[in-house]
Amino acid sequence: MRWSKAFIPTIKEAPVEAEITSHKLMLRAGLIRRLSSGLYTYLPFCLRVIKKVGDIIRDEMNKKGAEELLMPILQPTELWEKSGRLNSKELAMLTAKDRTGREFVLSPTHEEVITDLVGREIKSYRDLPKNFYQIQTKFRDELRPRSGLMRAKEFIMKDSYSFDVDEESAGKTYAMMESAYRSIFSRCGLNIQVVKADPGAMGGGMSHEFIALADIGEEENGIEVGQIFSLGTKYSKSIGATFLDKNGVEKLCVMGCFGIGVTRTISAIIEQNHDEYGIMWPLSVSPYQVLILPVNISDSVSRGLAEKVYNQLQERKVEVLLDDRDVRGGVKFKDADLIGVPVRITVGSEKAASGALEIRERRTGREVTVRADELIPNLMSTLQEENHES
RNA sequence: CGGGGUGUAGCGCAGCUUGGUUUAGCGCGCCUGCUUUGGGAGCAGGAGGUCGGCGGUUCGAAUCCGCCCACCCCGACCA
């Protein structure tokens, strides 16, 4: 992508609405814009990160045998009456009406819908265990939205729901999800602490929270980015999800549910990966892997070299952003630090004249000068290292 | 919902106390031209505002009064 064609609206100073670092940086680096309190547009740059995080989640969930599906956001209130959660204050539900006046819940979570589905479709112990997940927008009528994507009325969540034949099997699923979550957060570049938690509105038995350590955050100096619950038979009983066991006896599915706040995870990543100049994306979730920065775009030699490198990297499927804007070098350097692409290739007029350029790591500031024909192998090994560090 | 605070150009603010030389300013950003080009350049010119909204007081309101709305922070609640 060429920066001159991309929509990356960076700003020098953070608007006063933002207090915490991640919120400020997301505004400044052109990731989000506010529509209204607790409602944000994810700009193209942010959407790339959302996709990266989503792909890591999909990879780890699929490894554990979970299957992705997508359920409706609008849900009939009758289903929520069945589970007894229609008037749950904790879930802070938003509702919507159709033109006949029928009321729907704008889903804050999907236990009811998935249990209804499984109850209708799965009838035999032979079809269990099952684990379904989805990544979609959730709604909570937050009393007080705050801190950008940290607590929004509308946010992106990965939620999954497991169905097992008994507690023992459900326990294994629970442990598997815990390990999947550890891998997911680690691959996202997050330092996580797992703590025992109160199941709250979900009900059921055991629960653990995944806390990203940060000096802001709402509990224990950390940000809750995920939570897992063993639900027992609470929903299979109220909604009706049973199966026949080996002996032909009807039994209730033993359930678990597992959530990750995707957009909040991105806030947490920034809280843990930034410095005074801007974001320092872990390579695994960075919107681009490499930024090419020709210091002076009107110098034809460095422009030519930058274009050449840009093409080479694109051919190798490296996600590369070329800062081809006709602005002064200082502006580009500041923006480069702000948006936090992990590897920067600087093309300066002097060195370009002798066919050399610089590779710089955003996180460490480490910089090497290489000849253009040595660039690709050097860059590939730098990317490898970055990958292992995050 | 309780408490605190803020609304003046895209962003950051001054002006309000004491109403009238304010045709409402300043910095950044934006547009045009020239110069400049390794860490947010310089000069010149320019565009951009129902002063959050409605009502009231007054000869006259960004400024005083009332109501409403929006937004931010603390609390209760949550991925």
Side-chain angles (χ1 to χ4, degrees), chain A residues 9-20 23-24 27-28 30 33-39 53 57 88-93 107-110 135-160 181 185 197-202 207-212 216-219 222-229 257-268 277-278 293-299 302-303 323 325-338 344 346-352 357-358 360 365 367 369:
Chain A
T10 58
I11 39 186
K12 262 197 211 176
E13 284 176 64
V16 282
E17 71 184 55
E19 283 245 321
I20 67 166
H23 189 194
K24 284 182 187 166
L27 289 166
R28 290 193 53 214
R33 286 295 183 265
R34 195 189 69 204
L35 172 65
S36 176
S37 180
L39 299 175
V53 172
I57 291 172
S88 159
K89 278 182 183 159
E90 289 178 58
L91 285 173
M93 283 187 281
S107 178
T109 179
H110 278 75
I135 298 175
Q136 71 163 192
T137 299
K138 293 284 189 283
F139 296 84
R140 301 269 165 102
D141 189 9
E142 290 295 344
L143 302 179
R144 184 161 81 84
R146 74 187 89 157
S147 307
L149 300 191
M150 207 66 87
R151 170 167 305 280
K153 280 188 173 170
E154 189 184 316
F155 58 97
I156 297 176
M157 177 165 140
K158 188 287 299 187
D159 46 325
S160 46
Y181 273 36
F185 292 124
D198 180 349
M202 293 303 160
S207 179
H208 285 89
E209 284 177 350
F210 292 73
I211 310 286
I216 57 106
E218 304 183 328
E219 44 193 287
I223 304 155
E224 185 197 334
V225 288
Q227 190 168 2
I228 58 179
F229 307 81
C257 74
F258 315 92
I260 292 177
V262 174
T263 35
R264 182 184 284 180
T265 293
I266 293 170
S267 294
Y277 304 108
L293 195 161
V295 178
N296 183 355
I297 201 74
S298 57
D299 171 54
S302 42
R303 174 164 202 146
D323 192 351
R325 295 175 299 168
D326 184 15
V327 294
R328 293 171 65 89
V331 174
K332 295 189 183 189
F333 288 127
K334 293 288 184 190
D335 270 349
D337 289 342
L338 178 60
R344 185 180 95 196
T346 315
V347 186
S349 315
E350 260 181 52
K351 287 183 182 171
L357 22 74
E358 295 154 9
R360 182 189 172 91
E367 191 170 86
T369 300

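Basis for what follows: all heavy atoms, side chains included, without hydrogens, waters or symmetry-related copies. First the proteins, then the strands, lettered A, B, ... as listed; each starts at 1.
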Inset, instruction - Produce a footprint string for nucleotides 7-15 of chain B: one letter per nucleotide, 5' end first; B if the base is under 4.0 Å from any protein heavy atom, S if only the sugar-phosphate is, - if neither. - result: ----SSS--
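Residue A:Glu209 contributes atom CD, which lies 13 Å from atom P of B:C77 at whole-angstrom precision. The interatomic distance linking A:Phe229 (CZ) with B:A79 (C1') rounds to 8 Å, in whole Å. As a whole-Å value, the separation of A:Glu142 CD from B:C1 P is 15 Å. Distance, A:Arg325 CZ to B:C30 P: 10 Å, rounded to whole Å. A:Leu35 has its CG atom 13 Å from the P atom of B:A70, to the nearest Å. Rounded to whole angstrom, the span from the NZ atom of A:Lys332 across to the P atom of B:A41 amounts to 13 Å. A straight line from CD1 of A:Ile266 to C1' of B:A79 spans 13 Å, rounded to a whole angstrom. Here the C1' atom of nucleotide B:C77 and the NZ atom of A:Lys153 are 14 Å apart, to the nearest Å.
In this structure, the side chains of A:Phe185 and A:Ile260 come closer than 4.5 Å at one or more pairs of heavy atoms. Side-chain contact between A:Asp141 and A:Lys153 is present, with heavy atoms from C-beta onward closer than 4.5 Å. When side chains are defined from C-beta on, A:Glu224 counts as touching A:Arg264, because their heavy atoms get closer than 4.5 Å.
Atom P of B:A76 sits at a distance of 37 Å from the matching atom of B:G10, rounded to the whole Å. Separating the P atom of B:U18 from that of B:G56 is a span of 24 Å, rounded to the nearest Å. For B:C16 and B:C77, the P atoms lie 44 Å apart once the distance is rounded to whole Å. Remark: the separation of the P atoms in B:G7 and B:G15 is 10 Å, to the nearest Å. The gap from the P atom of B:A44 to that of B:U50 amounts to 29 Å, rounded to the nearest Å. The P atoms of B:G19 and B:U63 are separated by 12 Å, rounded to the nearest whole Å. Only the C1' atoms considered, B:C54 is 10 Å distant from B:C69, to the nearest whole Å. Taking atom P on both nucleotides, B:G29 is separated from B:C11 by 15 Å, rounded to a whole Å.
Residues forming a salt bridge (charged side-chain N to carboxylate O under 4.0 Å, His left out) with A:Arg325 (at least two apart in sequence, or on another chain): A:Asp323, A:Asp335.
One N or O on the side chain of A:Lys332 and one on the backbone of A:Pro294 form a donor-acceptor pair closer than 3.5 Å. Using a distance-only test at 3.5 Å, with no hydrogens or angles considered, no donor-acceptor pair links the side chain of A:Arg34 to the main chain of A:Leu39. Checked by atom type and distance alone, the side chain of A:Arg140 pairs as donor or acceptor with a backbone atom of A:Pro108 at under 3.5 Å. A:Thr10 places no side-chain N or O within donor-acceptor distance of the main-chain N or O of A:Arg28, the cut-off being under 3.5 Å. Without hydrogens or angle criteria, A:Thr263 side chain to A:Ile156 main chain gives a donor-acceptor distance under 3.5 Å.
A:Ala352 comes within contact range of no nucleotide atom at all, as no heavy-atom separation falls under 4.0 Å. Residue A:Arg144 is classed as a base contact, given a heavy-atom separation below 4.0 Å to a base. A:Arg28 comes within 4.0 angstrom of a base, heavy atoms only.
Phosphate contact (OP1/OP2 of B:C71, side-chain N/O of A:Ser36, threshold under 4.0 Å): present.
With a 3.5 Å ceiling on both atom-pair distances, the Watson-Crick or G-U wobble partner of B:G66 is B:C54. The partner of B:C16 is absent, by the rule that a Watson-Crick or G-U pair needs both atom distances under 3.5 Å. Under the Watson-Crick or G-U wobble criterion, with both distances below 3.5 Å, B:A41 is paired with B:U35. Under the Watson-Crick or G-U wobble criterion, with both distances below 3.5 Å, B:G60 is left unpaired in every strand shown. The nucleotide B:C71 finds its pairing partner in B:G5, both defining distances of the Watson-Crick or G-U wobble pair being shorter than 3.5 Å. Across all strands shown, B:G46 is found opposite B:C30 as a Watson-Crick or G-U wobble partner, with both distances under 3.5 Å.
Here the side chain of A:Asp335 is nearest to one of B:C72, B:A79, B:G40, namely B:G40. For A:Arg146, whose side chain is taken as the heavy atoms from C-beta onward, the closest listed nucleotide among B:C72, B:A76, B:G40 is B:A76.
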Under 3.5 Å, which protein N or O atoms sit close to an N or O of nucleotides 31-39 of chain B? Give each pair with its distance.
| from | atom 1 | to | atom 2 | distance (Å) |
| --- | --- | --- | --- | --- |
| B:U36 | O2 | A:Arg328 | NH1 | 2.7 |
| B:U37 | O2' | A:Asn296 | ND2 | 2.9 |
| B:G38 | O6 | A:Gly348 | N | 3.2 |
| B:G38 | N1 | A:Glu358 | OE1 | 3.0 |
| B:G38 | N1 | A:Glu358 | OE2 | 3.1 |
| B:G38 | N2 | A:Glu358 | OE1 | 3.0 |
| B:G39 | O6 | A:Arg344 | NH1 | 3.4 |
| B:G39 | O6 | A:Arg344 | NH2 | 3.1 |
| B:G39 | N1 | A:Asp337 | OD2 | 3.2 |
| B:G39 | N2 | A:Phe333 | O | 3.4 |
| B:G39 | N2 | A:Asp337 | OD2 | 2.1 |

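Aromatic ring pairs are classed by plane angle as parallel below 30°, tilted from 30° to 60° and perpendicular above 60°; the pair A:Phe258 and A:Tyr181 is perpendicular.
Other residues, nucleotides and ligands place more than 12 heavy atoms under 6.0 Å from the CD atom of A:Glu17. Within 6.0 Å of the CD atom in A:Glu367, the count of heavy atoms belonging to other residues, nucleotides or ligands exceeds 12.
Sequence order on RNA chain B of the closest nucleotides to A:Arg140 and A:Glu19 puts A:Glu19 first from the 5' end.
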